[in-house]
Amino acid sequence: MLKVENLSFSYGKIRAITNVSFELKDGEIMAIIGANGAGKSSLMKCIAGLLKPQAGNIWFGKIKLEPPPFKAVKKGVVLVPEGRWIFPNLSVEDNLLLGGYIIKDQRPGLKRAYNMFPWMEERKTQRAGTLSGGEQQMLAIARGLMSNPEFLLLDEPSLGLAPLIVNDIIELIKMINAQGISILLVEQNARKALGIAHQACVLEGGKIVKRGSGKELSADEEIIAAYLGKKKIESEE
Amino acid sequence: MNNYVIGVLSLTGIYMIAILGVSILTGFTGLFSMGHAGFMAIGAYVSALATKSFGISPFFGVFLGMLAATAVGLAIGYPTLKLKGDYFVIATLGIGEVVRLIIENLPSVTGGARGMTDIPRGSSFSVVWVTVIALVILLRNFLHSKHGRNCIAVREEELAASAIGINVANYKLLAMGISCALCGISGGMLAHYMRYLNPSMFSMAKSNELLMTVILGGCGSLTGTVIASLILVPLPEILRFGSVQEWRMVFYGFLVTLVIIFKPSGLLGNKEFSLADLKNVLLRTAQRFLGKMSEGGKRKNV
Amino acid sequence: MSEQDVVLKIDHVVKRFGGITAVNDVSIRIAKQSIHGIIGPNGAGKTTLFNMITGIYNTTAGSIFFNGKKINGKQTHEIAELGIARTFQNIRLFNDLTVYQNLLTACQKNITYGLFDGFLRTSKCKTQEMSADKICKNMMIEVGLSEYKEQKAGNLPYGTQRRLEIARALLTNPSILLLDEPAAGMNEDESLQLSNFIKEIRLNNDITIIIIDHHMDVIMNICDLISVLNFGSLLAEGTPKEIQKNQRVIEAYLGVDE
Amino acid sequence: GNESSLSDKIILGYIGPITGESAIWGEAESNTLKMLVEETNNQGGILGKEVVLKIYDNRSDPVETTNAARRALQNDGVIAFIGPNTSSCAIALDEVCEEYKVPHITTCGTNYKVTQREEDGSVRKYSFRACLSDPQLGDIMGQYAYEKLGIEKAAIIYEITNEYSLGITQNFTDAFEKVGGKVTIQEGYKTGDVDFRPQLSKIKAAGDFDALMIPANYKEVGLIANQARALGITQSFLGVDAWMMEDLFEIAKDAVQGTYFPCAMDVNAENLEEFKNKFEEKFKMDPGKAGTNAYFAYDCFQIVKNAIEKAGEPDPQKIRDAMENTKNLQCLTSVITIVPETHNPIRMASIFKIEGDNFVKVEEYTPDYSK
Amino acid sequence: MFFQELINGLSIGSVYALMAVGYSLIYSLLNFTNFAHSITVTIGAFVTFYFLSMVTKNLFLGIVIATGLAGLLAVVIELLGYRPLINKNARRIYLLIVGLGISIMSENLVIIAFSSRFRVYPVNFSNRTIEIFGANAGVIDLIIFSVSVIALVLVELLIQKSRLGLAIRGAAVNLDATSLMGVDVQKLIRIVFLIAGSLAGLAGALLGAKYTTFPMLGSVMTNKAFISSVVGGLGSIPGAVLGGLILGISESMISGYLSSTMRDIFAYLLLVLILFIRPSGLLGKSSEDKA
Ligand SMILES: Nc1ncnc2c1ncn2[C@@H]1O[C@H](COP(=O)(O)OP(=O)(O)OP(=O)(O)O)[C@@H](O)[C@H]1O
Ligand SMILES: Nc1ncnc2c1ncn2[C@@H]1O[C@H](COP(=O)(O)OP(=O)(O)OP(=O)(O)O)[C@@H](O)[C@H]1O
Ligand SMILES: CC(C)C[C@H](N)C(=O)O
Ligand SMILES: [Mg+2]
Ligand SMILES: [Mg+2]
């Protein structure tokens with residue numbers, strides 16, 4: 001139901017995405033992996049309506065996604081951005097409430113968030129800007145879920161999270177997906193991302209250079225060499 | 001060049017000195033001031049009084065004016081620089097106004113609101129412009145030195161600046177000192193050019209004009225500041241044609257607004273304009289006119 | 001560890017924010033020229049510890065000694081001046097400046113000329129500027145940033161920004177380098193490169209490195225000693241092998257990797 | 001400028017506020033001059049030459065005044081200036097006029113320093129005025145208040161940031177105390193202020209005065225008068241020439257009833273009617289709306305015109321000499337003689353009283369300068 | 001006299017406060033000081049004046065119309081002046097300069113259009129007073145005071161309690177992030193300008209009644225309002241009101257008991273002193289985030 005057609009985007013002279021096309025079916029998880037600067041975040045921002053692509057279209061069902069971003073949100077497409085973008089001047093709870101801006105009754109959403117991350121309820125009046133890095137990341141994810149999205153864009157959700165929590169987050173993503181929400185996932189933790197993805201593709205220099213199911217890619221020799229470095233160390237030892 | 005043009009250019013040069021000062025403070029160190037006309041006033045009145053009552057030469061008068069403005073600037077800067085953003089703006093605004101009020105309240109010394117007359121002559125066109133050029137060179141050197149870079153670092157990100165060992169407070173104070181010194185010089189020269197001073201010459205509107213020119217030129221661009229002053233200071237004079245004079249200030253405001261809307265980072269952004277750029281621009285236009293070699297030329301210049 | 005080998009001594013340090021005790025009576029000794037890891041769950045107080053070492057926060061109680069001299073209570077820039085450099089978890093670059101300008105600015109600590117040399121561009125100024133230019137260019141080559149030289153720091157990809165921040169910290173010639181999650185946002189291959197890079201830094205520059213990170217491959221690979229914080233208190237300390245096996249650490253932090 | 005056309009034209013300059021908050025006065029003055037120049041040219045010009053009027057805006061700013069003056073002298077060949085209408089600008093203008101040796105005559109710049117040097121009282125050679133000076137007006141009001149109105153104690157509220165208000169305050173105090181009165185309380189405010197109750201409350205609490213002197217422009221006068229009455233100050237007011245603005249009635253008609261003030265001219269004099277009608281017809285504007293400025297501009301033009309005719313040629317230096325020797329010249333508002341030592345005019349002053357919405361001339365009054 | 005000076009101060013202060021709220025509102029959203037605020041004040045007064053002179057002498061109606069039109073004007077200024085910059089994500093200081101440019105331009109336009117004369121509403125009640133404990137208070141002062149209080153309470157409720165207010169506070173930090181939450185940021189900005197402009201228009205209409213109507217009315221008053229909003233703590237609505245009242249009262253007390261000629265010197269020194277003690281204003285929150 002998400003369809004990206006021949007998308008290209010550049011920042012002035014710097015080309016970030018070149019002619020990217022892919023399709024994602026309802027209820028699927030798609031993982032995008034790639035090196036620093038490959039254009040993953042730029043792609044996510046285009047879909048969310050933060051950037052206006054110079055060429056190409058993005059379709060969500062029959063609706064075309066375009067800036068400004070709030071339109072996408074109203075259609076159920078929500079981005080949890082890289083670098084968190086929490087509102088540092090607002091309290092934890094206000095951050096969550098603002099995340100659910102388009103929802104009338106916010107109580108169920110809040111309850112869900114506090115169930116997901118119990119520490120949040122204790123800290124709900126703390127200024128979000130003073131949270132630890134990882135706490136902010138969790139807040140960003142919880143906030144993204146507040147508007148009951150149909151389609152979630154996660155840009156490096158495990159950034160700065162403790163290993164234990166990373167596992168929890170991966171479980172969480174699976175769980176969210178199980179409720180029928182489609183997910184586009186950008187992750188540096190490629191192994192874990194590929195582990196839960198139905199589909200995956202590799203972005204290099206703004207182009208898709210490889211695609212396939214999550215399982216296929218995690219078995220791909222080239223990918224193991226380029227992105228799953230840990231295996232290499234272990235095998236060398 | 002006739003005397004009128006020379007007069008306007010001299011005034012442009014004089015104000016440019018103050019604008020350069022504000023540029024160091026606002027454009028390069030990121031501190032806004034809406035009261036720097038007050039420091040011009042200090043320079044102007046000190047220099048005028050010194051030359052008038054003690055018969056020193058205008059040169060030393062201006063020097064004294066500079067010292068006085070700097071001293072007051074540093075004394076006030078020391079406690080106020082801790083303030084952030086608009087809170088600092090208010091402090092400077094208050095200081096500028098207080099300076100003016102003090103001048104107005106000391107009529108026996110300064111002539112109060114009635115102004116001070118018969119100040120010795122001293123700022124000729126050449127004196128002004130030699131000073132301007134010398135100052136621009138000094139400031140350019142400064143900005144390309146460690147000290148200038150540190151000021152810019154303070155503007156960009158205070159915490160990171162202190163984490164690489166920059167004493168943020170000191171550099172703010174330095175910028176304040178330099179800007180006040182330049183405003184002092186500018187005020188002193190204004191006194192010896194106008195030969196008449198009146199506190200209303202140093203109103204908040206004047207402070208705003210200084211700030212406006214800096215930002216219009218582009219924050220963090222010395223050449224931008226120079227170019228903007230060359231345009232904006234004489235603009236009211238340039239707009240002086242015959243029957244539409246009453247629209248003069250409307251145009252002035254309109255032009256300022258328009259430039260910023262279409263060039264939202266000021267005329268030059270934070271870039272410096274160099275001779276090489278000029279060459280490039282000329283080359284590019286030449287090529288566009290010649291048309292022929294545009295293919296090859298563009299590739300080189302991109 | 002003999003007293004002489006201790007370059008940084010964190011002594012019963014406490015930090016409270018209102019009701020929250022972010023760091024609770026933590027003592028850590030860091031050996032000269034070691035790579036010391038600090039790990040722990042989110043919100044354990046790791047960044048807060050860094051903030052206290054670099055004078056951004058005052059300590060609520062306890063002291064911090066650098067080469068035997070007490071440094072808590074000093075200002076951030078004074079501490080930097082003494083030779084403690086850091087990177088930030090939320091990257092703090094001079095965003096509007098180019099990569100080169102970011103680096104050149106960081107050279108300021110080693111430039112000794114005065115204000116007047118700067119205004120008059122004396123020969124002292126020129127020679128020092130020239131050597132600073134050279135140092136920066138070498139650094140860019142070393143860190144692999146040369147191709148980005150004229151790009152604005154704020155526009156770089158996340159991982160590249162991290163590298164730039166490390167390079168900037170290194171240019172202050174620190175004797176201790178504090179890295180707050182340098183591998184965040186890097187994939188495993190890039191993390192590996194980072195590990196090698198950090199090891200190299202230590203060898204080439206004779207410095208002590210304290211690193212916070214959640215990438216266990218990096219931490220276990222490069223650290224000599226690891227301190228684990230949990231809820232503001234020290235949970236465990238030991239070599240990577242010891243820590244990996246420590247049941248309490250696994251429970252609180254590491255989890256069991258499938 | 002074009003040399004050949006210059007010599008057969010007489011080029012006069014007007015400097016005043018065409019933009020900014022004082023534009024209304026500049027407009028009245030410049031319109032008057034436009035009209036007079038047109039009339040003069042219809043009657044064959046001055047010395048048979050066509051008169052050209054150049055108008056320069058100064059926003060009431062001294063720095064702009066000098067810029068404008070340089071432009072006028074250098075580019076446009078102006079041989080004499082009329083204006084500006086504020087003292088600060090007139091003083092600034094004089095610095096340029098002195099340099100180029102060209103005379104100027106201010107319409108309403110009343111400050112002492114406009115025509116004389118502060119230090120030694122020596123005259124500024126190129127500077128003239130058509131109105132009375134602050135010391136003259138201060139003397140008149142100080143003596144009149146004490147001797148004719150029987151006021152022994154006065155309070156003053158004045159604008160510290162305005163040279164005009166300040167000058168009158170000082171001169172009034174001097175004159176008033178010399179004849180035996182006493183200024184018991186003085187309070188100041190700043191240009192632009194609109195609320196004067198704090199000062200007025202203090203004046204009211206002090207209580208010890210027979211009249212409140214308000215040397216200010218009409219807006220402040222109106223607001224002060226209203227606020228003073230609202231606070232329950234019942235004593236009478238004393239005014240100054242700037243009160244002569246019809247708009248004052250709009251703001252504070254009730255509050256200023258019965259107030260006395262001096263002015264160098266009578267805006268209700270019959271001989272002004274013709275001018276007023278012509279002006280109204282031409283510019284669709286009542287010159288009285290801008291107070292006395294239009295009439296003084298008229299006087300200025302007559303003084304300059306007379307001087308050029310006497311000089312016999314459009315030479316600035318000679319015009320200056322002739323202006324200095326203006327004697328018993330019948331101008332629009334009065335017969336004027338310029339005192340060569342001070343460049344102040346000798347002219348009748350009148351005392352006015354506000355009755356209804358009229359400025360009623362009570363009497364002509366010449367102070368006794370020996371007191 | 002003390003009581004009289006207190007009343008004087010409160011009434012001056014409430015005028016400052018009414019305008020300061022407009023500054024604070026826009027500041028709290030866009031983090032910049034809207035220097036074009038003054039023109040909306042002036043227009044509010046002129047609209048009321050012309051409405052009363054030409055249409056009907058109903059002051060209440062006049063004020064309502066002025067409030068509405070000034071609000072619209074603010075929206076137009078936002079649309080033509082600020083919107084292009086906000087869309088280009090320009091730094092906030094450039095908005096500041098556009099504001100200055102607009103205020104220079106429009107002030108001079110007003111002078112050309114209406115001349116710089118001082119006008120008085122045909123319905124005059126600026127002189128009517130009532131006595132409270134031996135001190136005189138103007139009816140208009142009481143009106144201004146109560147209107148400011150009501151406006152304050154409404155706006156503060158809006159900001160603190162409503163969804164809209166939450167979005168405003170969020171947008172203050174990051175417009176893009178707020179848009180990502182599903183907020184139509186452009187509409188939000190428009191609404192805030194409408195509210196701020198209406199408040200300014202209201203202030204202008206009341207000021208015109210109190211102090212006559214003239215082209216510089218806005219700029220004369222907004223300066224002090226700006227100071228009030230900063231001293232109270234930028235972005236804090238109660239702060240703006242508190243700042244306005246403190247400024248007004250201290251001005252009148254200083255005039256009454258110290259020296260009227262030195263009033264502003266003392267007033268400014270007091271303000272700077274307040275900022276020393278509380279560097280983010282009286283009710284402003286420090287916005288330092290952790291490193
Ligand atoms: N605001 C910007 N202006 C100019 N260039 C930019 C900007 N943002 C990103 N770029 C460039 O666009 C390219 C793609 O960046 P992007 O952030 O999409 O990469 P990424 O794959 O998300 O990297 P990372 O893994 O580090 O987050 C990079 O080369 C980067 O330098
Ligand atoms: N300025 C502050 N005010 C209030 N609480 C704070 C402040 N700074 C930090 N905290 C709290 O202190 C605790 C420790 O934070 P710290 O940033 O040190 O965690 P951390 O160990 O670095 O976590 P992470 O791995 O997520 O970055 C957190 O719970 C945080 O919310
Ligand atoms: C217009 C007048 C009030 C000017 C005043 N007479 C002055 O000397 O400046
Ligand atoms: Mg990215
Ligand atoms: Mg941390």
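FYI, side chains are in, hydrogens and waters are out, and symmetry mates aren't considered; it's all heavy atoms of this structure. Chain identifiers are assigned alphabetically (A, B, ...) following the order of the sequence lines, protein sequences preceding nucleic acid strands; residue numbering begins at 1 within each chain.
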*Take D:Phe196 and E:Asn8 through the test side-chain contact (heavy atoms from CB on, under 4.5 Å) and record every step on the way to the result.*
CA-CA 9 Å; D:Phe196 310 94; E:Asn8 295 342; over 6 Å; no

_Please identify, among D:Gly192, D:Gly232, D:Ala290, D:Gly20, the residue contributing the most non-hydrogen atom pairs under 4.5 Å to chain E._
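Heavy-atom pair counts peak at D:Gly20.
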
*Do the side chains of E:Phe118 and D:Asn217 get nearer than 4.5 Å, heavy atoms only?*
no

*asked:* Can you confirm whether more than 12 heavy atoms, excluding those of D:Lys153, are under 6.0 Å from its NZ atom?
replied: no

*If you tally heavy-atom pairs under 4.5 Å against chain D, which of E:Ser252, E:Ala137, E:Pro215, E:Gly9 wins?*
E:Ser252

_I'd like to verify something: which residue of E:Val220, E:Leu207, E:Asn223, E:Ile254 has the highest number of heavy-atom pairs under 4.5 Å with chain D?_
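Most pairs with chain D among the choices: E:Val220.
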
*E:Thr212 to D:Ile251 - nearest heavy-atom pair and separation*: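 Between these two residues, the closest heavy atoms are CG2-CG2, 3.6 Å.
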
*Of all the heavy-atom pairs spanning D:Ser201 and E:Glu5, show the shortest one and how long it is.*
CB-OE2, 3.6 Å

Interchain contact, [X] with chain E, by part (heavy-atom threshold 4.5 Å):
X        : value
D:Ile24  : both
D:Leu231 : both
D:Ser22  : backbone
D:Asp195 : both
D:Arg197 : both

*asked:* Would the distance check show the side chain of E:Ser260 and the main-chain N or O of D:Gly188 forming a donor-acceptor pair, the cut-off being under 3.5 Å?
replied: yes

*Between D:Asp193 and E:Tyr211, does a side-chain contact (heavy atoms from CB on, under 4.5 Å) hold up when you go through it step by step?*
CA-CA 10 Å; D:Asp193 282 358; E:Tyr211 300 129; over 6 Å; no

Rounded at 0.5 Å granularity, tell me how far [atom1] in [X] sits from [atom2] in [Y].
X        : Y        : atom1 : atom2 : value
D:Glu187 : E:Arg263 : CD    : CZ    : 11.0 Å
E:Ser255 : D:Leu200 : OG    : CG    : 10.0 Å
D:Lys219 : E:Met216 : NZ    : CE    : 9.5 Å

_Taking side chain as everything from C-beta outward and backbone as N, CA, C, O, which of these in E:Arg117 sits under 4.5 Å from a heavy atom of chain D? Side chain, backbone, both or neither._
both

*asked:* Please classify the contact of E:Met262 with chain D as side chain, backbone, both or neither, using a heavy-atom distance under 4.5 Å.
replied: neither

*For E:Ser198, what residues pass the side-chain contact (heavy atoms from CB on, under 4.5 Å) criterion, not counting sequence neighbours?*
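Listed in chain order: E:Thr67, E:Leu194.
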
